[in-house]
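Okay, so here's the structure we're looking at.
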Amino acid sequence: MSAIILFDGVCNFCNSWVNFTISRDHRQFFQFAPLQSEKAIELLEKHGVNKQDTDSVVVIEDGIAYTYSTAALRIAKGLGGIWSLAYAFIVVPKFIRDGIYKWIAKNRYKWFGEKDQCMIPTPEIRARFLS
């Protein structure tokens with residue numbers, strides 16, 4: 001069993017979170033693909049997610065696409081251990097969680113910058129990226 005994280009490959013903040021996740025995902029539960037990739041576009045279409053509505057992170061797990069704050073919380077849960085405690089925030093009403101999430105997502109380039117191209121994974125973690 002695994003989950004797929006689709007992320008904004010040119011966002012410095014998103015890339016930092018992908019690196020954070022990789023370094024803590026000891027079970028190798030997650031696979032990754034930048035939203036700019038053909039594979040991500042294919043997965044978004046398959047799961048009925050409009051790329052214009054969500055441009056930062058999508059988690060696909062057990063055939064369900066999660067977006068916004070729910071996607072972030074699913075990542076925390078999937079990491080297990082102490083990180084899974086963050087999933088307790090799922091009880092916060094979605095409109096509040098998503099409001100905060102969308103505010104951060106809207107400002108992420110201004111606050112953290114962006115890259116000219118998607119990140120290139122090291123050979124050690126390349127196998128975890130979908131092509």
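Because the structure is a prediction, the values reported are computed rather than measured.
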Open item on the list: Between Ser37 and Ala33 (side chain of the first, backbone of the second, donor and acceptor by atom type, cut-off under 3.5 Å), is there such a pair?
Closed with: no
Open item on the list: Does the Lys NZ or Arg CZ of Arg27 fall within the cation-pi geometry relative to Phe29 - under 6.0 Å from the ring centre and within 45° of the axis?
Closed with: yes
Task: Neighbour count above 12 (heavy atom, 6.0 Å) for Leu85 CG - done: yes
Task: In one Ile/Leu/Val/Met/Phe/Trp/Tyr side-chain cluster, 4.5 Å: Ile41, Phe129 - done: no
Task: Flag, side chain of Asp25 to backbone of Phe30, donor-acceptor distance under 3.5 Å - done: yes
Task: Test: Arg108 cationic atom under 6.0 Å from Phe13 six-membered ring centre, within 45° of axis - done: no
- [ ] Check whether any side-chain heavy atom of Leu35 sits under 4.5 Å from a side-chain heavy atom of Leu44, and report yes or no.
- [x] yes
Open item on the list: Any heavy-atom pair between the side chains of Val10 and Gln36 that's under 4.5 Å?
Closed with: yes
Task: Glu42/Glu45 under side chain to side chain contact (heavy atoms under 4.5 Å, CB included): CA gap, chis, key distance, verdict - done: CA-CA 5 Å; Glu42 173 188 318; Glu45 287 177 7; 5.8 Å; no
TODO: Using a 4.5 Å cut-off on heavy atoms from C-beta on, say whether the side chain of Glu114 contacts that of Cys11.
DONE: no
- [ ] Check Ala71 against Val59 and note the closest heavy-atom contact, atom names and distance.
- [x] O-CG2, 3.5 Å
TODO: Evaluate the side chain to side chain contact (heavy atoms under 4.5 Å, CB included) criterion for residues Trp17 and Phe7: first the C-alpha distance (whole Å), next the side-chain angles of each, then the deciding distance (0.1 Å), finally the verdict.
DONE: CA-CA 9 Å; Trp17 276 104; Phe7 66 98; over 6 Å; no
Task: Test item: Leu73 and Tyr66 side chains (from C-beta on) under 4.5 Å apart, heavy atoms - done: no
TODO: Decide yes or no for Arg74 and Tyr87: does some side-chain heavy atom of the first lie under 4.5 Å from some side-chain heavy atom of the second?
DONE: yes
TODO: Look only at the side chain of Asn15 and the backbone of Gly9, and say whether a donor-acceptor pair between them is shorter than 3.5 Å.
DONE: yes
Task: Shortest non-hydrogen contact between His47 and Gly63, atoms and distance - done: CD2-O, 3.4 Å
Task: Residue of the set Val58, Val49, Thr67 for which side-chain contact (heavy atoms from CB on, under 4.5 Å) holds with Leu6 - done: Val58
Open item on the list: Tell me whether Thr54 contacts the main-chain N or O of Lys51 through its side chain, where contact means a donor paired with an acceptor under 3.5 Å.
Closed with: no
Open item on the list: Rounded at 0.5 Å granularity, tell me how far CD in Glu38 sits from CG in Leu130.
Closed with: 13.0 Å
- [ ] With the side chain counted from C-beta on, respond yes when Ile5 and Ile60 share a heavy-atom pair under 4.5 Å apart, and no when they do not.
- [x] no
TODO: Given ring pair (Phe, Tyr, Trp, His ring centres under 6.0 Å), test Phe20 with Trp83 step by step and report yes or no.
DONE: CA-CA 11 Å; Phe20 174 90; Trp83 304 109; 5.0 Å; yes
Open item on the list: With heavy-atom distances below 4.5 Å as the criterion, would you say the side chains of Val57 and Asp8 are in contact?
Closed with: no
- [ ] Only pairs at least two apart or in different chains count here, so list each side-chain hydrogen bond (donor to acceptor under 3.5 Å, both in side chains) that has a residue in residues 95-105.
- [x] Ser56-Tyr101, Ser69-Arg97, Ser69-Asp98, Thr70-Arg97, Lys94-Asp98
Open item on the list: Working to the nearest 0.5 angstrom, can you tell me the gap between Leu79 CG and Arg24 CZ?
Closed with: 8.5 Å
Task: Evaluation steps, side chain to side chain contact (heavy atoms under 4.5 Å, CB included), between Gln28 and Ile22 - done: CA-CA 8 Å; Gln28 297 189 355; Ile22 289 169; over 6 Å; no
